[in-house]
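What follows is a set of notes on a single structure, which appears directly below.
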Amino acid sequence: MSAPKSSTSNFIRQIVEADLAAKTYPGLRTRFPPEPNGYLHFGHAKSICLNFGLAAQYEGRCHLRFDDTNPTREEQEYVDSIKEMVKWLGFEWEGQEHYASDYFQKLFEMAEALIRAGHAYVDSQSAEQIRANRGTLTEPGKDSPFRARPAAESLQLFAEMKDGKHADGTHVVRAKIDMRSPNMNLRDPVMYRIRHATHHRTGDKWCIYPTYDWAHGLSDCIEGISHSICTLEFEDHRPLYDWFNQKVAAAGFFKGPLSKQIEFARLNLTYVVLSKRKLIELVEQKHVDGWDDPRMPTLAGARRRGYTPGGFRLFAERIGVSKANQLIEFAILEDCMREDLNETAPRRMAVLDPLKLVIDNYPEGKEELVELPNHPQKPDWGKRKVPFSRELWIEREDFQQTPAKGYFRLFPGNEVRLRFGYVVKCTGIDNGVVRCTYHEDSRSGTPGADKYKVKGNIHWVSAKHAFASPVHLYDRLFKVAHPQGNEDLNPDSKRTAAAQVEPSLKDAKPGESFQFERHGYFIADRGAFNRSVTLRDSWTKG
């Protein structure tokens, strides 16, 4: 599926259009570069839609590249999950699947070239010494005593590091830039560290691994990425990104224009935490039922919740791309899901809090089929037949013994229409069962039925034909707009109803979404139905 075309301009599109017009690059090439050390969340959806969407917009291509430079935290499970979620969102990488580990040998050779040119060295200080000598935001750093180490000696040590002759932490390779730079990232950043760990792709072939800063920009250049789009926390890293790329290009590794880094504001949502540390806490402390819990802001959770790829793409387009940090209302995401689901979800009837209703003058044993539209705005979707009988389930809230002012549903003496069925008159309640009589000539769609003027119209399911199903009523995981931690969890973020649903829902396949009339949008999931979103925002303050 290709990304929807967009007419909305933003500063990134303006940069891309200017570069393409000036022929700075032969074409647009972006990348989505996740680290395979966790599950994708809502913020990643924005980045995926941006990078793949730009490529579609300007007839370029987007690479999927895994920045797998830390073997102690990365697993194939995460690689597989990330690929699945990108595809679920509707994007393909058209054979452009890459890994930083594909370039380990080349990155090693590039580091050797920088050492030869005097731009890098092997530092034998401990991690604590390096940290202490790095300085602070107000104090400059101090040169390492190994900064002047001869290139030949550094190259020898680097080769020994690669061959496994040194223990973890004994040496690192650092760039030789400026220990007095006001930008901390330029104070001789580490390029390689020793890590005797098995990598999920390269096994035990390597025991030295490149840092993210060293590998990322060079991987961009190796792949010919034109615009490397990342979030604002990497803005201070851009001088280092450019320094590495320029120095390696000067050593003869690259020809043509180098990749350009552009930063945009990451997604910040009310009622949500996207911090990996806090998400891990939620899972490990069992506040949720795993990473794909429908309340989690992960894409795996969103899929089980019934959020849609189209809703995420609409959301990404609607909130746009900004250079400044902004806080997006969660209600905007929910509205996008409603908008998409309204177009794609067929309608069904379900009673979430069942109360028995008996039509006393309806013949016992009689059954008939009532035709209901699958979507009121889409006649081409056709109609379905739903059984109607003497005994029905209705919502408990649709009956009041003593009606409140303005209440137009069932109460003794009042008449309502059973949706797409008959008009019934309530005669009372007996042992918890609502008793009614019906007008035989009032069936919807039959001649003369419209002579019955009633204010209430309620949904129902036939008690004989309905089937019981658990329905999980999911809501926002946090009860406050700016959650700080577990103390802000919403105790009502998950409730389960013992519902009675219309018989056609027996055939619902996992992943199918429906609108349960009056209740919201629901998705079939693991023997139950999960509420995706209500029909309207229930959190807006009146």
Side-chain angles (χ1 to χ4, degrees), residues 67 69-70 100 103-163 165-195 206-222 228 234-255 258-261:
D67 276 316
T69 58
N70 188 346
Y103 314 130
F104 279 176
Q105 181 61 39
K106 189 170 283 291
L107 292 168
F108 176 79
E109 294 167 6
M110 291 172 174
E112 285 185 313
L114 259 59
I115 292 172
R116 287 192 200 97
H119 299 310
Y121 61 100
V122 171
D123 192 351
S124 302
Q125 294 182 100
S126 68
E128 291 74 17
Q129 289 171 322
I130 291 174
R131 196 160 35 245
N133 290 333
R134 193 164 178 245
T136 66
L137 291 173
T138 57
E139 296 177 359
K142 298 175 183 176
D143 286 355
S144 165
F146 301 98
R147 199 172 194 266
R149 176 174 259 159
E153 186 181 333
S154 283
L155 286 168
Q156 178 64 32
L157 280 169
F158 191 31
E160 292 173 3
M161 290 163 61
K162 177 178 178 288
D163 291 339
K165 295 180 179 178
H166 298 281
D168 290 9
T170 52
H171 307 289
V172 295
V173 176
R174 297 178 72 180
K176 191 184 293 186
I177 307 180
D178 182 3
M179 289 300 294
R180 288 153 191 79
S181 172
N183 185 336
M184 298 283 284
N185 296 296
L186 297 180
R187 294 183 186 177
D188 290 12
V190 173
M191 298 160 54
Y192 273 94
R193 67 276 204 224
I194 303 170
R195 191 158 285 169
W206 294 88
C207 57
I208 56 170
Y209 290 95
T211 59
Y212 177 90
D213 278 330
W214 169 244
H216 185 75
L218 298 176
S219 298
D220 284 344
C221 289
I222 290 168
S228 181
F234 292 99
E235 187 172 30
D236 287 344
H237 294 245
R238 190 185 341 134
L240 178 57
Y241 178 97
D242 292 338
W243 190 92
F244 278 144
N245 290 350
Q246 290 162 6
K247 289 293 185 282
V248 171
F253 285 90
F254 302 130
K255 294 179 181 177
L258 299 176
S259 305
K260 176 184 290 188
Q261 179 174 305

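This structure is a prediction, so every number in the text was calculated from the model and none was measured.
- Side-chain atoms of Phe254 and Leu218, non-hydrogen and from C-beta on, do get closer than 4.5 Å to each other.
- Two rings, from Tyr241 and His237, have their centers 6.0 Å or more apart.
- Within the model, atoms NE2 of His171 and OG of Ser154 stand 10.0 Å from one another, a figure rounded to the nearest 0.5 Å.
- Listed here is the closest heavy atom pair of Thr136 and Met184: O-SD, 3.6 Å.
- Counting only residues at least two apart or on different chains, the salt bridge (charged side-chain N to carboxylate O under 4.0 Å, His left out) pairs with a member in residues 180-189 are Asp143-Arg180, Arg147-Asp188.
- For the residue pair Ser144 and Asp123, the shortest heavy atom distance occurs at OG-OD1, 2.9 Å.
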Yes or no on side-chain contact (heavy atoms from CB on, under 4.5 Å) for Asn70 and Arg193, after CA distance, side-chain angles and deciding distance? CA-CA 10 Å; Asn70 188 346; Arg193 67 276 204 224; 4.1 Å; yes
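- Under a 3.5 Å cut-off, the side chain of Asp236 and the backbone N or O of Asn183 do not form any donor-acceptor pair.
- Side-chain contact check for Glu235 versus Arg238: some heavy-atom pair is nearer than 4.5 Å.
- When Gln129, Arg149, His166 are each tested for a side chain to side chain contact (heavy atoms under 4.5 Å, CB included) with Ser124, only one passes: Arg149.
- Contact of the Cys221 side chain with the Val248 side chain is not registered, since no non-hydrogen atoms from C-beta on lie closer than 4.5 Å.
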Set out, in order, the CA-CA distance, both residues' side-chain angles and the distance that settles side-chain contact (heavy atoms from CB on, under 4.5 Å) for Gln105 and Trp206, then state yes or no. CA-CA 9 Å; Gln105 181 61 39; Trp206 294 88; 3.5 Å; yes
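- Applying the ring-ring contact (aromatic ring centres under 6.0 Å, His included) rule to pairs touching residues 123-155 yields nothing, sequence neighbours excluded.
- With rounding to the nearest 0.5 Å, the separation of CZ in Phe253 from CG in Leu114 is 8.5 Å.
- Two residues are said to be in side-chain contact when any heavy atoms from C-beta on lie closer than 4.5 Å; His119 and Trp243 meet this criterion.
- Counting only heavy atoms from C-beta outward, the side chains of Pro189 and Leu240 approach each other to under 4.5 Å.
- Each of Val172, Leu107, Thr69 was checked for a side chain to side chain contact (heavy atoms under 4.5 Å, CB included) with Tyr192, and the lone residue meeting it is Leu107.
- Within the 4.5 Å cutoff, side-chain heavy atoms of Ile222 are placed close to those of Met110.
- Closest non-hydrogen pair, Ala175 versus Tyr121, comes out as O-CE2, 3.9 Å.
- Nearest approach of Ser228 to His216, heavy atoms of both residues: OG-NE2, 3.7 Å.
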Go through the steps for Met191 and Ile115 under the test side-chain contact (heavy atoms from CB on, under 4.5 Å), then give the verdict. CA-CA 11 Å; Met191 298 160 54; Ile115 292 172; over 6 Å; no
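- Proximity of a side-chain donor or acceptor of Thr211 to a complementary backbone N or O of Val190 within less than 3.5 Å is detected.
- For the pair Trp214 and Pro210, the tightest heavy-atom approach, listed with the atom from each and the gap, is CD1-CB, 3.6 Å.
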Run the numbers on Lys162 and Glu112 for side-chain contact (heavy atoms from CB on, under 4.5 Å), then give the verdict. CA-CA 12 Å; Lys162 177 178 178 288; Glu112 285 185 313; over 6 Å; no
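- Between the side chain of Gln261 and the backbone N or O of Phe234 there is at least one donor-acceptor pair closer than 3.5 Å.
- For Glu109, there are no salt bridge (charged side-chain N to carboxylate O under 4.0 Å, His left out) partners, not counting sequence neighbours.
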